[in-house]
Amino acid sequence: MANMLNLGILASGRGSNFQAIIDEIEAGSLPAAIKLLIVDNAGAYAVERAKKHAIDYLYLDPKASPTKDAYFSAMALELKKRGVELVVLAGFMRIVRKPLLDAFPNSILNIHPALLPSFPGLHGQEQAVRHGVRISGCTVHFVDGGMDTGPIIIQAAVPVSPADTEDELSERILKMEHRIYPEAIRLYAEGRLHVADGAVEISGYEMHDSYIVNPPLGNRK
Ligand code: GAR
């Protein structure tokens with residue numbers, strides 16, 4: 001396929017978003033190649049997925065770097081070495097530091113399980129349940145050095161029932177994560193994302209295409 005986008009994935013755990021990206025690439029619906037998976041946690045299940053799909057992976061131990069900046073410099077080096085063009089955070093639980101941001105300007109994406117700017121940080125789904133919101137969802141955005149901040153690309157909304165547990169809401173949101181993350185990467189690969197004044201314009205996209213609303217909860221009384 002022409003113009004394959006070279007991806008580097010960063011993960012800390014389960015890696016189901018990583019898997020969703022692998023699946024779309026293997027199905028031929030995402031013109032990209034995963035050049036490297038980097039994990040910051042030796043036990044991350046994402047590594048098993050990389051092995052299964054013959055994807056190059058690397059465990060970078062944060063404790064082995066003298067500073068946080070040095071850690072992210074080492075990471076940038078490994079990604080550049082393999083020709084990575086877009087860095088994709090897939091459940092990567094660290095704040096990205098300047099050396100990586102500088103190496104990949106407007107070329108790092110993150111997904112978060114809430115409708116940002118609401119509920120950044122850990123346990124976005126639990127925060128949503130605790131606040132009794134009626135709608136939550138997930139957000140794909142460019143990474144800018146803050147915690148779950150940066151220009152928003154796509155959001156998907158799901159309903160929240162007052163009876164939901166954190167796990168139930170997480171599962172409902174995760175299904176949408178697996179849809180919007182590959183879609184955002186596809187838009188990037190097609191050169192259709194433009195950042196201006198802290199917001200993203202998507203060329204050839206109608207406004208209503210850049211959000212998805214899940215079907216309602218159903219006939220709950
Ligand atoms: C996902 O729900 C992702 O949105 C979240 O971690 C989970 C990782 O799942 N990320 C954050 O909370 C970032 N602040 P996965 O490892 O199965 O993709």
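Note that ligands are numbered from 1 as they come in the structure, with each ligand's atoms numbered from 1 the same way. Each residue takes its place number in the sequence, starting with 1.
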Of all pairs that satisfy salt bridge (Lys or Arg N to Asp or Glu O under 4.0 Å), the ones with a partner from residues 11-39, not counting sequence neighbours: Glu24-Arg186

Qualifying salt bridge (Lys or Arg N to Asp or Glu O under 4.0 Å) pairs, either residue in residues 130-143, two or more places apart: Glu126-Arg130

Check salt bridge (charged side-chain N to carboxylate O under 4.0 Å, His left out) between Lys52 and all other residues, then give those that pass, not counting sequence neighbours. none

Within 6.0 angstrom of Glu201 CD, more than 12 heavy atoms from elsewhere: no

Tabulation required: pairs of a nitrogen or oxygen in ligand 1 and a protein nitrogen or oxygen under 3.5 Å; columns are atom names and distance to 0.1 Å; otherwise 'none'.
from: ligand 1; atom 1: 2 (O); to: Glu177; atom 2: OE1; distance (Å): 3.2
from: ligand 1; atom 1: 2 (O); to: Glu177; atom 2: OE2; distance (Å): 2.9
from: ligand 1; atom 1: 4 (O); to: Glu177; atom 2: OE1; distance (Å): 2.8
from: ligand 1; atom 1: 4 (O); to: Glu177; atom 2: OE2; distance (Å): 3.3
from: ligand 1; atom 1: 9 (O); to: Arg14; atom 2: NH2; distance (Å): 3.1
from: ligand 1; atom 1: 14 (N); to: His112; atom 2: ND1; distance (Å): 3.1
from: ligand 1; atom 1: 14 (N); to: Asp148; atom 2: OD1; distance (Å): 3.1
from: ligand 1; atom 1: 14 (N); to: Asp148; atom 2: OD2; distance (Å): 3.2
from: ligand 1; atom 1: 16 (O); to: Gly15; atom 2: N; distance (Å): 2.7
from: ligand 1; atom 1: 17 (O); to: Arg14; atom 2: NE; distance (Å): 2.5
from: ligand 1; atom 1: 17 (O); to: Arg14; atom 2: NH2; distance (Å): 3.2
from: ligand 1; atom 1: 17 (O); to: Ser16; atom 2: N; distance (Å): 2.7
from: ligand 1; atom 1: 17 (O); to: Ser16; atom 2: OG; distance (Å): 2.6
from: ligand 1; atom 1: 18 (O); to: Ser16; atom 2: N; distance (Å): 3.4
from: ligand 1; atom 1: 18 (O); to: Asn17; atom 2: N; distance (Å): 2.9
from: ligand 1; atom 1: 18 (O); to: Asn17; atom 2: ND2; distance (Å): 2.9

So, the side chain of Ser118 versus the backbone of Leu116: is there a donor-acceptor pair under 3.5 Å, distance only? no

So is Lys63 actually on top of Tyr71's ring, under 6.0 Å and inside 45° of the axis? no

